[in-house]
Amino acid sequence: MSTAISNEQLRMAAIAEKVEHGERLTLEDGVFLYESDDLLTIGQMANTVNLRKNGKKVYFVDNMSLYFTNVCEEHCAFCHFRRDEGEDGAYTLTPEQMFDYIDKHYHPGMREFHITGGHNANVPFQYYVDSIRSLKQRYPDVTIKAHTAAEIEFFSRLSGLSYKEVLQELMNAGLGTMPGGGAEILSERYRKKMRLVDKASADQWLDVHRAAHQLGMKTHATMLFGSIETYEERIRHLMYLRELQDETGGFMVFIPNAVQPASIDAGLKRRVSAYDNLKTIAISRLMLDNIQHVKAYFINLGTQLTQIAFSFGASDAHGTIIQERISHAAGATSPEGLTRDELVFLIKGAGRIPVERDTFYNEIQVYE
């Protein structure tokens, strides 16, 4: 027994030595960290890396989440947001209907619209292009972050255009960046098991982001963890992102999101533990040596665990959001949004320096 403990300590020390000297961690290193119960050492290493990259600054953006449609042809096992056309609660908004919602919540200084939605084949690709264009014309100073790589792949099938052609049309209409959703776990075994076979494959998701980066667009990356994936699949997911980042340098931030159970009767009954959330944030920071930021998404973590995450490698608190729907449709118990003052208080309460940013991490205001 003592030999096993000694071997684990030696292995952890060897990884710590790599981290200290800025050496890249391997697949085996990442799986070992997940299997270790030494959360504090893992967190301390991640905190060291983050302080080296970002100091004590924690970033947030004044943004609003928007949802044009929840009609979707996919049937992902974890999603409770989607509806079929004609089903109770299904909607597809016109730009004018979206304006009515935005105008109730909009204020000068809002920097970003974060748009996600269903794969709605009942409207043409032009609907999505026109929606972006209408938003940009009405709110020219707001960056539009819209449409995951899975949505871009869907638009490609819907329109017959290539990924680059789809992206270029959306960029011409006013698209500024893509969110990181649709990645889930970049493993075909996982995607088959979770009924993602008709959704963008792992390779297609990566190809869409590659195309976006080649067009000069900076994008976001996510991982949806905590269901049926193995530790090795999580680490391989991170390594796929790291490899693409080596190639393109186009990712600004990585966002690990825990799966949310919809109710006590849901197939996935248990929430991801605080322990696993913190460990995943820390390991992400350690593995993704070439991505500047790791986000602590308060919608999934809750505000108090988000504060702790800033000492486990996270340097971003996301944004004000106003009213988040997708995670809350799946059972999230966090606030649906926070004000700028609440975010500043949250970050300062964790002993960090709040920095309001724009979408592209340009600093707007530092709250010393």
Side-chain angles (χ1 to χ4, degrees), residues 59-70 72 74 76 78-79 81-82 98 110-120 128 131-132 135-136 142-155 163 166-167 170-171 173-186 199-200 204-213 215 217-225 237 241 244-245 248 250-258 260 284 288 291-300 316-330 332 337 357-361:
Y59 294 81
F60 70 92
V61 63
D62 192 338
N63 68 346
M64 184 189 299
S65 288
L66 303 177
Y67 309 87
F68 270 98
T69 181
N70 64 349
C72 190
E74 311 294 350
C76 306
F78 49 76
C79 184
F81 172 76
R82 69 163 304 283
M98 185 59 76
M110 185 165 284
R111 308 278 171 189
E112 175 185 285
F113 293 144
H114 181 157
I115 303 169
T116 49
H119 300 188
N120 186 349
Y128 299 95
S131 297
I132 296 288
L135 275 182
K136 195 63 179 177
V142 181
T143 298
I144 297 177
K145 178 170 74 174
H147 302 312
T148 67
E151 289 172 81
I152 300 300
E153 189 277 332
F154 163 70
F155 294 158
Y163 299 156
V166 166
L167 286 163
L170 291 168
M171 290 169 72
L175 181 67
T177 183
M178 289 164 51
E184 325 317 356
I185 295 289
L186 296 173
K199 198 173 185 177
Q204 288 171 326
W205 189 93
L206 291 164
D207 284 343
V208 169
H209 280 271
R210 180 180 288 107
H213 298 169
L215 289 169
M217 180 188 288
K218 298 290 187 180
T219 67
H220 305 68
T222 62
M223 178 172 74
L224 186 68
F225 69 96
H237 179 107
L241 298 178
L244 183 55
Q245 184 74 344
T248 66
F251 289 123
M252 297 183 288
V253 59
F254 172 70
I255 310 103
N257 287 329
Q260 303 285 330
S284 300
L288 297 174
I291 295 179
Q292 189 70 23
H293 298 285
V294 172
K295 184 176 291 187
Y297 188 41
F298 74 81
I299 289 294
N300 280 5
D316 190 283
H318 195 60
T320 51
I321 298 177
I322 308 299
Q323 186 179 23
E324 195 281 338
R325 296 185 193 173
I326 292 177
S327 290
H328 284 89
R357 62 172 175 85
D358 67 8
T359 298
F360 304 102
Y361 288 86

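- Contact detail for G182 and A150: the closest heavy-atom pair is CA-CB, 4.1 Å.
- Annotation: side chain of L175 is in contact with side chain of M217 (closest heavy-atom distance under 4.5 Å).
- Using a 4.5 Å heavy-atom cutoff, the side chains of H147 and V166 are not in contact.
- Counting only heavy atoms from C-beta outward, the side chains of L66 and L135 approach each other to under 4.5 Å.
- In this pair, H293 and Y361 present their aromatic rings parallel. The plane angle is below 30°, not in the 30 to 60° band.
- Residues L215 and M171 approach most closely at O-CE, 3.8 Å, considering heavy atoms.
- Closest approach of T219 and A212 over heavy atoms only: CG2-CB, 3.9 Å.
- Rounded to the nearest 0.5 Å, atoms NZ (K145) and NZ (K218) are 15.5 Å apart.
- To the nearest 0.5 angstrom, N63 atom CG is 12.0 Å from R111 atom CZ.
- Pairing each heavy atom of I291 with each of F254, the nearest pair is CG2-N, 4.0 Å.
- For the pair H318 and I299, the minimum side-chain heavy-atom distance is 4.5 Å or more.
- Side-chain atoms of N300 never come within 3.5 Å of backbone atoms of N257 as a donor-acceptor pair (strictly under, hydrogens ignored).
- For the atom pair CZ (F60) and CZ (F298), the distance works out to 11.0 Å, reported to the nearest 0.5 Å.
- Interatomic distance, T177 OG1 to E112 CD, rounded to the nearest 0.5 Å: 8.0 Å.
- Rounding to the nearest 0.5 Å gives a distance of 12.5 Å between CD1 of I115 and OG1 of T69.
- The shortest side-chain heavy-atom distance between Y163 and R210 does not fall under the 4.5 Å cut-off.
- Note that the CD1 atom of I132 and the CZ atom of F68 stand 7.0 Å from one another [nearest 0.5 Å].
- Considering all non-hydrogen atoms of both residues, L170 and I152 come closest at CD1-CD1, 3.7 Å.
- H114 has its side chain out of reach of V61: every pair of non-hydrogen atoms, C-beta onward, lies at least 4.5 Å apart.
- Of the possible donor and acceptor atoms, one in the side chain of H220 sits under 3.5 Å from a partner among the backbone N and O of M178.
- For the pair L241 and L186, the minimum side-chain heavy-atom distance is below 4.5 Å.
- Between I185 and M223 the shortest side-chain heavy-atom distance falls below 4.5 Å.
- A parallel orientation is assigned to the rings of W205 and F251, their planes being inclined by less than 30° (bins at 30° and 60°).
- Side-chain N or O atoms of Q245 include one that pairs as donor or acceptor with a backbone N or O of G250 at under 3.5 Å.
- Across all non-hydrogen atoms, the minimal contact from H237 to A183 is CE1-CB, 3.9 Å.
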